[in-house]
Amino acid sequence: QVQLVESGGGLVQAGGSLRLSCAASGSIFGINDMGWYRQAPGKQRELVATITNSGRTNYADSVKGRFTISRDNAKNTVYLQMNSLKPEDTAVYYCNADVKTGWYRFTAYWGQGTQVTVSS
């Protein structure tokens, strides 16, 4: 079994920074794509950023230039550095990992979610 554990959420003021971490543990052969998603009250979950196992990144237009996704493959961990935070960034943030759990078995796992609140 695989578990994703997030940390780093909290309350910050507009313009501030926050760094989220998500570590995967369990029966892991490898991890392909990892990413961060968020869901604000009354809205659907949306993609924030993704990163492949080779380091190629993709960002939502709303966070480009402000957020940076990175990963440490040795630690099975993905990070999200969030700078210049805006009230619109307030949401529950979820990490995701496409985990290889067998020869040809891949399963997407989600973290429990961590609240990020940006005050105006």
Side-chain angles (χ1 to χ4, degrees):
Q1 297 184 6
V2 175
Q3 183 179 15
L4 304 185
V5 179
E6 302 177 34
S7 62
L11 174 65
V12 298
Q13 57 186 6
S17 298
L18 204 62
R19 190 187 190 219
L20 306 182
S21 299
C22 177
S25 62
S27 300
I28 300 172
F29 283 67
I31 302 178
N32 292 326
D33 293 356
M34 303 184 79
W36 290 94
Y37 297 73
R38 67 187 182 187
Q39 187 167 24
K43 296 184 178 181
Q44 294 183 330
R45 187 174 300 186
E46 65 175 351
L47 183 148
V48 176
T50 60
I51 183 168
T52 68
N53 57 8
S54 63
R56 183 158 63 97
T57 59
N58 180 58
Y59 297 92
D61 289 340
S62 60
V63 306
K64 284 183 178 178
R66 300 188 298 118
F67 291 9
T68 302
I69 187 171
S70 61
R71 64 189 289 169
D72 185 335
N73 290 333
K75 297 180 179 179
N76 290 328
T77 300
V78 62
Y79 306 93
L80 185 67
Q81 178 66 48
M82 304 184 292
N83 298 325
S84 302
L85 283 162
K86 305 175 181 179
E88 305 93 271
D89 296 318
T90 296
V92 177
Y93 284 70
Y94 300 88
C95 65
N96 171 268
D98 185 14
V99 179
K100 183 180 180 181
T101 57
W103 283 103
Y104 299 100
R105 185 168 65 252
F106 301 87
T107 304
Y109 288 91
W110 292 89
Q112 78 284 0
T114 184
Q115 177 70 47
V116 172
T117 302
V118 184
S119 62
S120 60

Just wondering, are more than 12 heavy atoms of other shown residues or ligands nearer than 6.0 Å to CZ in Phe106?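 Yes, CZ of Phe106 has more than 12 neighbouring heavy atoms, counting only those of other groups under 6.0 Å.
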Answer yes or no: are there more than 12 heavy-atom neighbours, outside Gln13 itself, under 6.0 Å from its atom CD?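 Not more than 12 within 6.0 Å, no.
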Does any non-hydrogen side-chain atom of [Y] lie less than 4.5 Å from one of [X]?
X	Y	value
Ser27	Thr101	no
Tyr59	Ile69	yes
Val116	Leu20	yes
Thr107	Val2	no

Taking the six-membered ring for Trp, are Phe67 and Trp36 ring centroids under 6.0 Å apart?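 No, they do not, as the ring centres are separated by 6.0 Å or more.
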Between atom [atom1] of [X] and atom [atom2] of [Y], what is the distance when rounded to the nearest 0.5 Å?
X	Y	atom1	atom2	answer
Leu11	Gln115	CG	CD	9.5 Å
Thr57	Asp33	OG1	CG	11.5 Å
Thr117	Leu18	OG1	CG	10.0 Å
Ile31	Thr52	CD1	OG1	12.5 Å
Gln1	Ile28	CD	CD1	12.0 Å
Asn73	Asn53	CG	CG	6.5 Å

For the residue pair [X] and [Y], what are the closest heavy atoms and their distance?
X	Y	result
Ala49	Leu80	CB-CD1, 4.4 Å
Ala91	Ala40	CB-N, 3.8 Å
Ser120	Pro87	CB-CG, 3.8 Å
Trp110	Asn96	CE2-ND2, 3.3 Å
Ile51	Arg71	O-NH1, 3.3 Å
Glu6	Cys95	OE2-N, 3.0 Å

Given 3.5 Å as the limit, does a donor-acceptor pair link the side chain of Tyr93 with the main chain of Gln39, or not?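 The answer is no, because no donor-acceptor pair under 3.5 Å joins these two groups.
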Could you tell me whether the side chain of Ser21 and the main chain of Ser7 form a donor-acceptor pair under 3.5 Å?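 Checking the backbone N and O of Ser7 against the side chain of Ser21, no donor-acceptor pair under 3.5 Å is found.
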Walk me through whether Ser17 and Met82 qualify under side chain to side chain contact (heavy atoms under 4.5 Å, CB included). CA-CA 5 Å; Ser17 298; Met82 304 184 292; over 6 Å; no
Check this for me: does any side-chain nitrogen of one of Asp89 and Lys86 sit under 4.0 Å from a carboxylate oxygen of the other?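 No, Asp89 and Lys86 are not salt-bridged.
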Quick check with a 6.0 Å cut-off and a 45 degree axis cone: is Arg19 positioned over the face of Tyr79's six-membered ring?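 Pair Arg19/Tyr79 counts as cation-pi.
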Cation-pi, Tyr94 ring and Arg38 (6.0 angstrom, 45 degrees):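 No, a cation-pi geometry is absent between Arg38 and Tyr94.
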Evaluate Thr77 against Asp72 for side chain to side chain donor-acceptor pair (under 3.5 Å), listing each step before the verdict. CA-CA 5 Å; Thr77 300; Asp72 185 335; over 6 Å; no
Does Leu85 share a hydrophobic cluster with Tyr37, counting links as ILVMFWY side-chain heavy atoms below 4.5 Å and allowing steps through other members?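 As far as the 4.5 Å side-chain criterion goes, Tyr37 and Leu85 are not connected within one cluster.
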